[in-house]
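Beneath this line is the structure, given in C-alpha cells, with notes to follow.
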2 protein chains.
Amino acid sequence: MSGDTTPALIDCPALGIGELARRAGCKPETVRYYERIGLLRDAPRTEGGQRRYGEAAVRRLTFIRHARDFGFSVEAVRELLEMADHPQMPCHEVDAIAKHHLEEVESRLQRLSALREELRRMVGQCAGGRVESCRIIEVLSDHQLCIGESAHGGAQGLG
Amino acid sequence: MSGDTTPALIDCPALGIGELARRAGCKPETVRYYERIGLLRDAPRTEGGQRRYGEAAVRRLTFIRHARDFGFSVEAVRELLEMADHPQMPCHEVDAIAKHHLEEVESRLQRLSALREELRRMVGQCAGGRVESCRIIEVLSDHQLCIGESAHGGAQGLG
DNA sequence: CATAAACCTTGTAGCGACTAGAGGTTCAAG
DNA sequence: CTTGAACCTCTAGTCGCTACAAGGTTTATG
C-alpha cells in the first residue's frame with residue numbers, strides 16, 4: 001500500500017493469519033483451530049484464498065487467549081462470546097451465564113489473592129537464607145489455601 | 001484400629017490411595033500418575049501390593065495439587081519439590097521462582113478483577129431488566145493488561 | 001521476472017496433564 | 001466364609017492445542 005491509501009481500501013482487512021496470531025500471542029494453527037471449532041468467524045479471503053483480518057478479530061482473539069490463559073475452558077469461552085455477540089439476548093440467559101462465571105472468577109480471585117500475599121511474604125523473607133527458611137513449601141501444603149471444594153478441582157480451572 | 005492404638009502400629013502408614021487422593025482433592029489415578037513421573041515417592045506396599053501412605057504424603061500431594069491449581073507446570077512443581085527435598089540449598093532459587101510467579105499472579109489478578117467487575121455489572125443490569133451492552137471482549141482484550149511475552153503463552157500458566 | 005516467505009487444505013500425530021476402562025486381585029466388614 | 005468396595009497394571013482416551021507431512025498456491029519485495 002506504501003502510504004497510498006485510497007478510500008475504497010480503508011475497509012479492507014489487512015492482517016494475514018500470521019500477523020493476527022502474532023498480535024494475540026498464539027500460532028496460526030491455533031487461529032485455524034479456533035475457526036474450525038467456531039470461536040472465530042470465517043475470515044474474508046483474498047482472491048488467492050488467504051484469510052485477512054481486521055482489528056475486531058484481533059480483539060476477539062486476544063480475548064480468547066486471555067480467557068484460556070485464565071483457565072476458562074473452550075466451552076466457557078464460547079458461552080462468553082455468545083453473550084457478547086448477542087447483546088439482545090434475553091436477560092435471564094445472560095444472568096445465568098454471567099452468574100455461573102462470576103462464581104468461578106470470584107473463587108479464582110480469592111485463591112490468587114491468597115497466593116499473591118504469600119508470594120510477597122516469601123519474597124520479602126528470602127534474604128540470602130536457605131530453603132528450610134522459606135515458607136513456600138509449607139504455604140503450598142497448607143490447607144488454609146483451600147477455599148471450598150472447588151479449590152480441589154485439579155488444574156481444570158474455569159468452565 | 002477402632003481407637004485401639006498400639007505403639008507398634010503408630011508408624012505404619014494407614015491410608016490407601018483412595019483416601020490420600022480424597023484428602024488432597026484428586027483422583028487415585030492422579031496419584032499413581034504422580035508416582036510414575038516422580039513427583040511422589042514410591043509408597044510402601046501391603047503384602048497384597050496395595051500402596052499405603054502417611055501424613056507426609058498427604059502434605060506433599062496437597063502441595064502438588066495447590067501448585068498445579070495455581071498454574072505451576074508439573075516441571076516447576078518438580079523443581080520446587082527438589083528444593084524442598086534439599087533444605088540446605090540456597091533459597092535464592094526459590095526466591096527467583098517466587099518473584100517470577102508473583103509477576104504472573106499480579107497480572108492475572110488485574111485481569112480477573114476487570115472481568116469480575118464486568119460480569120457483576122451485567123448481573124446488576126439484568127436485575128434492571130436489560131443488558132445495554134457487553135464489554136466482556138473489551139475487558140479481556142485490553143493489551144494494557146499484558147505483561148511481557150509470557151502473558152501470551154497460551155493456557156500454559158506458571159512454570 | 002525471481003524468489004523467499006507466507007499462505008492454503010487435509011490429515012495425522014505429538015505434547016502436557018490428567019482420566020477412564022479392561023480385566024484382574026486384595027481388603028475389610030458383616 | 002461372602003461380598004462389595006478398593007485396589008492393581010496397562011492401555012488408551014480427553015482436552016486443547018501444536019507441529020508436521022504432503023503437495024501445493026499466493027503474496028510482496030527486490
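The sequence lines fix the lettering, A, B, ..., with proteins before strands; numbering per chain opens at 1.
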Rounded to the nearest 0.5 Å, what's the gap from CG on A:L109 to CG on B:L109? Could you check? 6.0 Å

Mind calculating the distance between [atom1] ([X]) and [atom2] ([N]) to the nearest angstrom?
X	N	atom1	atom2	answer
A:L40	D:dC17	CG	P	11 Å
A:R68	D:dC17	CZ	C1'	8 Å
A:E75	D:dC17	CD	P	12 Å
B:E35	D:dC7	CD	C1'	13 Å
A:R45	D:dT27	CZ	P	12 Å
B:L20	D:dC8	CG	P	11 Å
A:F72	D:dG16	CZ	P	14 Å

Anything under 3.5 Å between a protein N or O and an N or O of nucleotides 11-13 of chain D, put it in a table, one pair a line.
none

Is B:E29 salt-bridged to B:R32, cutoff N-O under 4.0 Å? no

Taking 4.0 angstrom as the limit, do B:E19 and B:R22 come out as a salt bridge?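 Answer for the salt bridge query: yes.
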
Flag side-chain contact, heavy atom, 4.5 Å: [X] against [Y]:
X	Y	value
B:R52	B:I17	no
B:V77	B:Y34	no
B:Y53	B:L61	no
A:R78	A:L39	yes
B:V74	B:I64	no

Just to be sure I understand the rule, does [X] reach a base, reach only the sugar-phosphate, or reach nothing, if contact means heavy atoms closer than 4.0 Å?
X	value
A:R22	nothing
B:I37	nothing
B:R32	base

Hey, what are the protein-to-nucleotides 20-22 of chain C N/O distances that come in under 3.5 Å?
unit_1: C:dA20; atom_1: OP2; unit_2: B:K27; atom_2: NZ; d: 3.0

Does [X] have a side-chain nitrogen or oxygen under 4.0 Å from the phosphate oxygens OP1 or OP2 of [N]?
X	N	value
A:Y33	D:dA19	no
B:T30	C:dC18	no
A:R51	C:dC7	no

What does nucleotides 25-30 of chain C look like as a protein-contact string, B for base, S for sugar-phosphate only, - for none, at under 4.0 angstrom between heavy atoms? -BSS--

Tell me which one of B:R59, B:R65, B:R60, B:H66 satisfies side-chain contact (heavy atoms from CB on, under 4.5 Å) with B:T62.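 Result: among B:R59, B:R65, B:R60, B:H66, B:H66 is the only option passing the side-chain contact (heavy atoms from CB on, under 4.5 Å) with B:T62.
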
Nucleotide nearest B:I17 when distance is taken to its side chain, options C:dT9, C:dA17, D:dC7: D:dC7

In terms of heavy-atom contacts, A:R41 and A:E35 come closest through O-OE1, 3.9 Å

For B:A21 and B:V31, work out which heavy atoms get closest and say how close.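 Taking B:A21 first and B:V31 second, the nearest heavy atoms are CB-CG2, 4.0 Å.
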
For A:E79 and A:H100, test the side chains for any donor-to-acceptor distance below 3.5 angstrom and give the result as yes or no.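 A:H100 and A:E79 do not have a side-chain donor-acceptor pair below 3.5 Å.
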
